[in-house]
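See structure below.
As the structure is a computational prediction, the values presented were derived from the model and not from experiment. Start at 1 with the first residue, then count along the sequence.
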Amino acid sequence: MNSEKFGGDDQSIHLQVLELQKLEEARGSSDTVLDFRNSVEKGDSGETADATPSSSAIAFHRSSSSSPAPEQKLTLFALRLAIIEKIATCLGTLGFIWATVVLLGGFAITLEKSDFWFITIILLIEGTRIFSRSHELEWQHQATWTVAGVGISSFRALQATSVSLLRNLKRISGGVLKPILESRLSQETPRTWKNSDVPLLPYAKWLYISSYVSRLLYWLQLLSATACVVLSSYKLVRHNYGEVHDGEMDKRNRKAALSIFYSLALAEALLFLAEKAYWEWQVSVCSLLENVTKECGFGVTGMVSIKRFFYDAYSKSVNGSIFDGVKMDMVSFAMELLGSSCTDEQLIGARILRQFAVNELFAEDTLEKIGINLPVIERLVEMLNWKDMQEEEIRRSAAEILSKLAGKKQNSLRVAGISGAMESISSLLQNTRSLGEAPDEIGEKKIFHDNHLQYDYCRFNNLGLLILKKLSRDHDNCGKIGNTRGLLPKIIDFMHTDATLLKDENAEMVLSRVLTVKRSLQLVKMLVSMSGNTGRCLRREISEIVFTISNLRDVLRHGVRYPKLQKLGIEILSFLALETEARERIGVTGGVLKELFNIFLKSKTRGDVNESKVRIAAGEAIAMLALESRSNCVHILKLGVLGRLVDALEVSLVRVNAARVLRNLCMYSGHECFIDLRLIKAAAPTVLKSITSGDNKLQEVMLGLATQVFKFMSSEEAHVALTDSGIKKQELANSLVLILKKHDKPAIKVPRIRRFVIELAIWMMEDDVENVVMLRDLGMEIELEKVLETTAELENFDVFSGTVGVSRHSRTVHWLAELALTLLKEDQP
């Protein structure tokens with residue numbers, strides 16, 4: 001639609017609605033900035049704002065709520081108006097019948113001339129009023145469509161102005177913006193008339209504006225009723241119905257008949273005026289519609305939705321049973337409009353459902369009603385594919401509703417179960433990477449600036465990621481996400497960041513982009529953390545995308561000001577490292593191990609809780625990368641961090657993960673690195689002290705490290721280490737026996753502690769025969785027999801993916817226990 005259409009008498013209405021929309025957009029823009037900032041600063045789950053409070057049901061359930069729903073005020077108002085209207089209509093009908101049958105039928109010849117014309121005028125007035133009354137509601141409905149259409153038309157006017165600006169830019173740029181301009185300048189030619197565009201009369205388009213017609217009919221009714229009151233009152237007061245002479249039997253009841261007619265006409269007109277007075281009192285003085293709009297939490301454009309709901313409720317009460325309107329509620333009304341073929345009605349329905357879905361007072365009941373209505377869910381999913389700029393608000397509202405709906409598992413299963421749902425959600429994610437021109441290259445990533453294209457791509461990206469994140473809580477949904485063509489590369493592209501993006505925290509676009517990075521990281525983390533075959537396939541597919549690991553490295557490198565983003569990136573690396581191929585890819589990607597060690601062994605810290613969590617996560621990731629990977633262990637040793645890792649054993653925050661990393665380095669580096677690892681002998685005193693005095697987890701990792709450390713030491717060096725730590729062999733052996741007594745069965749929190757105890761006991765017995773006698777005297781043999789009776793598969797793995805073991809040990813605990821018992825019995829007399 002061109003801007004030339006906005007002229008003449010309807011321009012003022014367009015401008016008024018446009019001003020209202022500008023106010024709402026300004027308010028919405030500030031809310032968006034705050035929402036972006038809060039979302040970025042929240043925890044990793046990001047569910048604080050997304051979750052629906054459990055107490056929300058108390059305000060919206062009709063049967064058990066302490067206060068009625070806001071729209072009940074409107075339905076009650078409509079009921080009262082309908083009662084008055086129906087009584088007045090009955091009186092008017094009775095008066096019309098009385099006049100036509102009794103007066104004009106029985107006394108037509110004997111009526112006085114003044115009475116005949118008064119009756120005729122009153123009937124014509126009443127007929128005019130009834131006609132205008134029967135059409136007023138239709139025009140009031142049309143007025144709501146027109147107002148909604150005006151909002152859209154105003155948007156079109158802005159779009160037309162922007163198109164003109166783009167044309168000028170096209171001339172200046174010499175074709176640089178050609179692809180974008182062509183997509184913006186192409187307009188679809190409508191094949192049907194819009195209600196607000198139909199020219200009923202040539203050169204008088206303003207006559208069709210529904211609000212004008214509705215207002216005209218309104219005043220026509222008031223004038224008709226007032227005229228009826230005046231004429232009826234005049235005749236009742238004057239009482240001049242003509243004289244009846246003796247013997248004129250045909251005029252004997254004329255006076256009574258006329259009095260009855262005028263009384264009926266007066267009563268009907270007064271009731272109608274009372275109805276209008278009550279209407280004006282509630283609407284104009286008490287501001288009923290405005291108050292309900294505020295209670296519903298609607299913005300400045302919400303008045304259109306409230307008016308439309310009220311007129312529908314009133315129409316049903318007047319045209320059908322007076323209780324039909326009382327049965328209506330805003331949610332069902334909105335769901336009905338959502339299925340309409342009219343864009344304006346779809347917009348009204350989407351606005352209502354969106355506002356109720358995000359309002360904590362009404363969210364639970366609203367989402368429950370939507371969740372059990374599969375056609376509505378299918379309609380919302382279908383709307384995600386609507387990319388016309390004029391339908392942007394409908395699409396955005398549908399996405400926001402689905403993002404709330406997917407918060408509950410049952411609803412998320414219904415959404416994901418709809419055919420093509422994942423493809424529709426994927427359409428929300430703007431594809432920013434073009435296809436490569438040759439097989440040996442990848443298309444460049446394009447950056448779309450929303451302020452140029454006037455389409456909020458960033459908002460839709462965030463909503464799409466949020467929906468996918470909530471859907472990914474279900475194991476089967478994760479498989480569907482992985483199987484959706486082109487979806488995983490889109491998600492990985494959104495993880496891309498750089499130093500410029502993560503330094504500026506004030507700009508709205510930056511906050512929105514950071515939120516996009518955060519949600520993409522959260523989604524990828526949920527996908528790679530899946531267990532079973534689905535998790536393995538997802539980890540393999542994600543690691544095979546060439547940008548995955550480099551994007552994660554950039555998050556670690558530039559995300560110093562965003563520790564939660566760093567933590568998400570590190571956790572993704574840890575889960576990817578469960579797969580052997582992915583582990584090797586991470587190790588050979590330049591800078592990943594270095595960035596992890598920079599975070600893990602950071603010397604200057606602020607003592608921030610989030611920073612501490614990031615350091616712990618970095619240690620876990622390094623330990624996973626060093627697990628069963630000789631190449632990664634070699635890369636770590638080349639970084640020259642072995643001495644710092646030994647020193648980290650003294651730091652309480654990171655010593656557990658430092659011990660894990662050192663153990664894996666000792667086990668998987670290979671014989672070529674034996675000389676490089678001799679520095680680890682300095683850790684022996686610290687390790688021994690932790691074994692005898694540490695808690696369960698610290699004991700477990702230190703026991704595992706001790707076995708590896710002593711392999712680099714001779715008997716004399718081990719004796720010196722015991723002396724330096726102030727621990728005697730007897731004390732160490734006793735600690736091992738006590739640990740086995742304490743853990744008489746496999747423990748979930750420390751599943752490898754018995755394995756490490758037995759391995760250390762075997763080393764002690766092989767190192768010195770005296771240790772065999774000492775362990776036997778302390779009751780080690782009895783404890784080992786108990787271990788043989790309680791061994792479990794849990795103890796044969798290094799790490800776990802859910803309840804599935806990963807990285808199985810080459811020797812089982814049962815085999816180690818039998819070996820230890822054999823050593824104990826060898827020299828036994």
Side-chain angles (χ1 to χ4, degrees), residues 35-47 49-50 384 399 402-403 406 422 425-433 445-448 450 456-473 477-478 480-482 484-498 500-502 509-530 538-539 541-559 561-576 582 586 592 614 617:
D35 177 66
F36 288 154
R37 190 182 302 275
N38 291 340
S39 298
V40 171
E41 292 175 356
K42 282 175 187 170
D44 294 341
S45 62
E47 297 303 317
D50 304 330
L384 300 183
L402 286 174
S403 69
M422 291 301 174
I425 298 171
S426 178
S427 69
L428 293 173
L429 307 179
Q430 179 63 29
N431 189 6
T432 59
R433 192 176 298 280
K445 184 175 180 180
K446 299 178 181 179
I447 298 177
F448 294 94
D450 294 350
D456 201 351
Y457 288 112
C458 198
R459 174 72 68 85
F460 285 108
N461 290 337
N462 285 326
L463 287 172
L465 291 171
L466 180 59
I467 296 172
L468 289 172
K469 186 183 75 171
K470 292 186 176 182
L471 292 179
S472 63
R473 294 171 182 169
N477 289 345
C478 289
K480 293 179 181 179
I481 293 174
T484 303
R485 182 177 180 182
L487 182 53
L488 288 180
K490 283 185 180 181
I491 298 171
I492 297 303
D493 267 346
F494 288 124
M495 295 195 308
H496 173 71
T497 185
D498 51 41
T500 304
L501 174 65
L502 297 182
M509 286 299 298
V510 171
L511 291 173
S512 176
R513 184 70 184 91
V514 171
L515 179 59
T516 302
V517 175
K518 176 187 174 184
R519 284 182 174 169
S520 62
L521 290 170
Q522 290 174 333
L523 175 57
V524 173
K525 176 191 170 184
M526 298 182 76
L527 294 177
V528 298
S529 64
M530 286 293 109
L538 285 170
R539 286 190 289 270
E541 292 179 14
I542 290 174
S543 64
E544 288 175 352
I545 298 174
V546 294
F547 298 105
T548 301
I549 301 172
S550 58
N551 284 348
L552 293 172
R553 176 195 58 198
D554 293 338
V555 171
L556 302 185
R557 181 173 294 168
H558 306 302
R561 295 181 57 257
Y562 295 93
K564 293 180 181 179
L565 296 185
Q566 286 185 321
K567 184 172 182 289
L568 286 171
I570 293 169
E571 289 171 341
I572 293 172
L573 290 173
S574 298
F575 284 116
L576 288 176
I586 296 171
V592 175
V614 174

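If you take CG on Leu556 and OG1 on Thr497, they are separated by 11.0 Å, rounding to the nearest 0.5 Å. Note: Met422 CE to Lys480 NZ = 6.0 Å, rounded to the nearest 0.5 Å. Note that the CE atom of Met495 and the NZ atom of Lys518 stand 16.0 Å from one another [nearest 0.5 Å]. To the nearest 0.5 Å, atoms CD1 (Ile491) and CG (Leu468) are separated by 5.5 Å. In this structure, CD1 in Ile492 is found 12.0 Å from CD in Glu544, a value given to the nearest 0.5 Å. Atoms CD1 and CG, on Ile425 and Leu487 in that order, are 8.5 Å from each other to the nearest 0.5 Å.
Of all heavy-atom pairs spanning Lys470 and Ser403, the tightest one is NZ-O, 2.9 Å. The shortest heavy-atom contact between Ala406 and Leu471 is CB-CD2, 3.9 Å. Listed here is the closest heavy atom pair of Arg519 and Asn462: NH1-O, 3.2 Å. Counting all heavy atoms, side chain and backbone alike, Gly482 lies closest to Glu541 at O-OE1, 3.5 Å. Between Pro563 and Val614 the shortest heavy-atom distance is O-CG2, 3.1 Å. When all heavy atoms are compared, the tightest approach of Ala399 to Leu428 is CB-CD1, 4.1 Å.
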Assess whether side chain to side chain contact (heavy atoms under 4.5 Å, CB included) is satisfied between Ile542 and Leu488, documenting all intermediate values.
CA-CA 7 Å; Ile542 290 174; Leu488 288 180; 4.3 Å; yes
Run Leu552 and Ile586 through side chain to side chain contact (heavy atoms under 4.5 Å, CB included) and show every step you take.
CA-CA 10 Å; Leu552 293 172; Ile586 296 171; over 6 Å; no
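Looking at heavy atoms from C-beta onward, Val555 lies out of side-chain contact with Leu568 at the 4.5 angstrom threshold. A heavy-atom distance below 4.5 Å is not found between the side chains of Leu463 and Leu402. Looking at Arg513 and Val517, their side chains come closer than 4.5 Å, going by heavy atoms from C-beta outward. Residues Asp493 and Lys490 are not in side-chain contact: their nearest non-hydrogen atoms beyond the backbone lie 4.5 Å or more apart.
In terms of modelled atom types and a separation under 3.5 Å, the side chain of Asn461 and the main chain of Gln430 share a donor-acceptor contact. For the pair Arg539 (side chain) and Leu576 (backbone), a donor-acceptor distance under 3.5 Å is absent.
Between the side chains of Asn477 and Ser472, no donor-acceptor pair is found at a separation under 3.5 Å.
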